[in-house]
Amino acid sequence: MANIPKYYESLNLDYKPPRGNWMDRPLNIKSGIYCYPARPNVLAGIQMNDRSDWGKYWVVEDEDWELPDDWKERFLNKMRDMLDKYRTFKIYMDICVRCGACADKCHYFLGSGDPMNMPVMRAELLRSVYRGEFTKTGKILGRIAGARKLTKGVLRQIWYYMFQCSECRRCSTFCPYGIDTAEITIMAREIMNELGMNIAWIQESCYKCIHTGNHLGLQPQAYKECIDCMLGDIEENVGISFDVSWNRKGADILFVTPSGDVFAEPGIYTLAGYLLLFEYLRKEYGFDYTWSTYASEGGDFGYFTANDIAKRMNSKIYLEAKRLGVKWILGGECGHMWRVLNQYMTTWHGPVDFLEEPVSPITGTKFENAKAHKMVHIMEFTADLIKHGKLKLDPSRNDRLRVTYHDSCNPSRGMGLLEEPRYVIKNVCNHFYEMPENTLRDQTFCCGSGSGLNASENMELRMRGGFPRQNAVRYVRDKYGVNMLACICAIDRAAFPDAQRYWNPDVGCTGITELVANALIMEGEGPRTNNLRGFEIATWEPKP
Amino acid sequence: MDVKVSLGVSLGAVLAIVLVALVGAQVSSLQLVFGILVPYAAFVIFILGFIYRVVDWGRSPVPFRIPTTCGQQKTLPWIKRNKLECPSNTLEVIGRMILEVFAFRSLFKHTKAEMASGNIIYGGSKWLWLGALAFHYSFLIIAVRHLRLFVEPVPAFVNVLDLVDGMLQIGAPTLYITDILLIGAVSYLFVRRVIVPKMRYISLANDYFPLFLILGIGISGVLMRFFIRVDIVSVKELTVGLASLHPVLPEGIGAIFFVHVALVSTLFAYFPFSKLMHAGGVFLSPGRNLANTNRAKMHVNPWNYPVKLHTYEEYENDFREKMKNAGIPVERE
């Protein structure tokens with residue numbers, strides 16, 4: 001594990017960049033602030049460039065990245081291709097005035113002080129190449145016009161810093177032209193795939209997902225086993241036993257959620273929450289849904305590497321819905337999953353005429369905002385249930401918890417899902433406190449590990465990037481005694497425990513549906529002395 | 001070192017233009033060049049260049065509808081949505097764009113992050129917004145005021161604008177509020193770039209040059225009005241001639257006028273090849289000018305193409321026995 005600065009007090013940054021021109025700044029690749037490259041067999045397994053046509057594997061800390069002879073041509077050709085395909089890319093390369101509004105908005109900058117993590121600088125890395133290689137003024141005036149040629153050194157810089165952006169778009173909300181650094185990072189990463197330069201954490205997840213249906217690589221029987229195991233835990237803690245259906249044709253609704261929640265704490269309790277909620281709805285209202293092992297991933301790590309891979313991974317959801325003949329699809333709590341579903345999915349695969357416009361079978365509510373897409377967010381679904389009084393709830397079971405809510409970047413800035421989760425929390429918890437407004441809603445911070453950067457070798461970057469959020473959590477902890485951070489993102493639930501052990505060791509992390517299920521009064525339930533995690537409700541002290 | 005180079009080159013370029021114009025003004029044959037040919041050429045470059053750039057952007061499609069949502073989406077009817085920050089139809093998009101273009105809405109949100117005893121403090125910071133607003137609006141008003149030089153008779157709204165802008169009249173000639181605002185705002189934007197370390201780090205000659213240029217335009221304009229008077233009748237003769245495509249070159253216009261015109265021409269000609277194109281780009285930025293309606297209305301990607309799928313059939317072939325053993329239904333036994 002990398003050397004991480006000491007707990008909390010170590011962050012004393014003045015955010016002052018060094019003197020001199022950033023173009024002359026030597027690149028200092030630091031252990032703990034990068035992810036390992038993807039292995040060739042993984043890349044080959046998903047038909048991506050595995051470097052086999054020119055050479056070999058590369059090591060990030062080496063000086064020589066083992067590039068092919070025509071590396072520059074490959075890079076620039078792909079860049080030209082992307083410029084022609086995406087108006088965003090072209091405009092964002094052209095119109096930045098360097099006003100500096102984005103400079104102090106990035107969580108990685110705020111946590112590291114590295115001036116190259118100012119969003120404008122991240123973009124300038126690529127923009128300088130754009131000017132130097134694609135524009136006349138840049139070619140003529142060169143460096144004085146902020147232009148430079150693509151060299152191996154420049155390429156190293158681009159790679160290093162494009163994997164220090166979590167595509168959270170916080171900077172873009174402050175940009176007077178809406179320049180979206182996420183878009184630039186997406187372009188840069190896809191361009192660098194041409195040189196086989198990507199990271200293991202993302203590529204392996206893609207490989208597994210394409211072959212088994214989910215990022216974790218759980219085969220159908222293992223996926224089912226995980227959920228059966230949760231059903232056992234539910235029986236123990238709630239006192240009711242039930243089964244769920246798998247790949248069932250003719251079900252009304254297909255449920256898809258990120259696989260991260262099938263496997264690790266605390267996400268598995270969010271999953272237990274879904275199981276319990278749906279069982280409640282089945283018993284009370286005849287809710288009819290199925291799980292799928294084929295479409296067993298809502299998330300899409302392909303989105304962090306290439307449009308092509310993202311689309312391949314995402315395609316299973318509609319394919320499975322069609323095969324099973326369901327009416328519509330319900331989606332679980334996840335961040336980038338919903339950015340992809342909301343902003344890409346129908347464009348990739350639409351029109352979706354094999355499904356029905358989503359209507360809640362319980363309340364009759366038409367989800368008109370999803371009438372073309374045919375997928376509904378679990379928070380929209382649950383908020384509607386609560387509003388119509390369809391859930392019997394005892395929020396006092398969550399009284400040990402003083403909850404705050406973290407808006408995940410993607411549902412906030414790529415969808416606008418802000419009030420539904422709050423409404424749900426307020427109905428299932430009696431103690432809810434907001435963090436400072438500059439860290440919420442459209443201004444929310446990334447957990448520090450988004451866009452496929454949550455590899456353990458990347459820990460220093462993740463802890464630094466997680467600091468702005470954790471700093472705000474610390475504020476409400478001190479002010480209101482907050483001891484639980486709620487979120488609606490599986491990467492949050494994977495990343496927050498690490499970040500909180502580091503910055504806030506006395507605050508836990510939970511998905512919202514876990515809170516719902518704990519408050520839910522099930523028919524025939526046993527004494528609810530324990531919560532879904534198996535802790536005694538009356539004495540529980542949440543920990544990360 | 002490089003900051004000095006950037007500043008030096010930018011300032012040097014502007015001074016060189018001033019110098020060339022001063023020399024040109026002394027030679028009557030060159031007055032034709034600087035008074036008529038250069039302005040025409042600059043104007044043509046501006047128009048054609050601007051169109052070219054916008055058309056070039058337009059040639060790249062918008063494959064995905066990816067607005068940055070900054071407010072509550074349209075969802076359940078009882079949840080209040082934010083029409084301007086998360087538009088769900090064209091009208092609301094227009095609303096968002098109007099706020100963005102005319103009020104610099106996003107810049108208004110600007111905060112300043114600082115670290116104090118290990119905590120990040122987010123302070124409100126409206127100076128950038130205010131400076132940008134003051135700069136752009138005073139520039140716009142000054143440009144509109146200049147219509148009186150190109151159109152005869154002078155349109156009524158220009159006269160009204162003139163009157164309002166000159167409200168703070170201190171003696172004759174009229175002192176315009178916008179003149180002061182423009183020079184003040186440009187100076188602020190410049191000083192900010194030089195003294196704020198983050199700004200100095202990110203600034204290029206591309207940023208300093210237009211500031212010097214506009215400052216030069218402002219100063220030469222003020223000089224011409226208050227200190228080095230020019231013959232306004234001759235000036236108007238020339239400008240009206242330019243606008244009516246019957247250019248004439250009256251005698252006796254002061255050299256400072258040629259400096260002013262040379263700087264303005266440079267700005268026009270430089271515009272399409274520079275970051276100043278944000279004026280056009282802001283309207284086309286897909287981060288802002290699209291409605292958040294992806295789930296309600298399909299957006300079509302013109303280059304969408306089929307990808308290699310891992311079909312259910314292949315999946316079942318890979319795992320059939322395991323699925324059967326686990327009691328998961330299969331299509332083929």
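Order of the sequence lines fixes the chain letters, A, B, ..., with proteins taken first and strands second; residue numbering starts at 1 for each chain.
With a 4.5 Å cut-off on non-hydrogen atoms, Val97(A) touches chain B through its backbone and its side chain both. When heavy atoms are compared at a cutoff of 4.5 Å, Ile79(B) approaches chain A solely by way of its side chain, counted from C-beta outward. Heavy atoms closer than 4.5 Å to chain B are found nowhere in Phe89(A), neither backbone nor side chain. Proximity to chain B is absent for every atom of Glu357(A), based on heavy atoms less than 4.5 angstrom apart. Interface residue Gln47(A): only side-chain heavy atoms are found under 4.5 Å from chain B. For Ser245(A), no part lies near chain B; criterion is any non-hydrogen pair under 4.5 Å. Neither the backbone nor the side chain of Ile309(A) has a heavy atom closer than 4.5 Å to any heavy atom of chain B. Residue Gln72(B) touches chain A through both its backbone and its side chain, counting heavy-atom pairs closer than 4.5 Å.
The pair Asp81(A)-Lys85(A) counts as a salt bridge, with a side-chain nitrogen and a carboxylate oxygen less than 4.0 angstrom apart.
Residue with the most contacts toward chain A among Arg193(B), Arg105(B), Met115(B): Met115(B) (heavy-atom pairs, distance under 4.5 Å). Chain A forms the most heavy-atom pairs under 4.5 Å with one residue out of Asn301(B), Val282(B), Ile202(B), and that residue is Ile202(B). Put simply, of Leu128(B), Asn206(B), Val101(B), Val62(B), the one with the most heavy-atom pairs under 4.5 Å next to chain A is Asn206(B).
For residues 107-116 of chain B, the set of pairs meeting the side chain to side chain donor-acceptor pair (under 3.5 Å) definition, not counting sequence neighbours, comprises Lys105(A)-His110(B), Asp442(A)-Lys109(B), Lys112(B)-Glu114(B).
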* To do: Could you walk me through whether Ile214(B) and Phe139(B) pass side chain to side chain contact (heavy atoms under 4.5 Å, CB included), step by step?
  => CA-CA 9 Å; Ile214(B) 292 165; Phe139(B) 208 161; 3.9 Å; yes
Show every donor-acceptor pair shorter than 3.5 Å between a side-chain atom in residues 323-333 of chain B and any protein atom, with sequence neighbours excluded, or say none if there are none.
| residue | atom | partner | partner atom | Å |
| --- | --- | --- | --- | --- |
| Asn325(B) | ND2 | Glu321(B) | O | 3.3 |
| Glu331(B) | OE1 | Lys249(A) | NZ | 3.3 |
| Glu331(B) | OE2 | Lys249(A) | NZ | 2.7 |
| Glu331(B) | OE2 | Arg323(A) | NH1 | 2.6 |
| Arg332(B) | NH2 | Asn317(B) | OD1 | 3.2 |

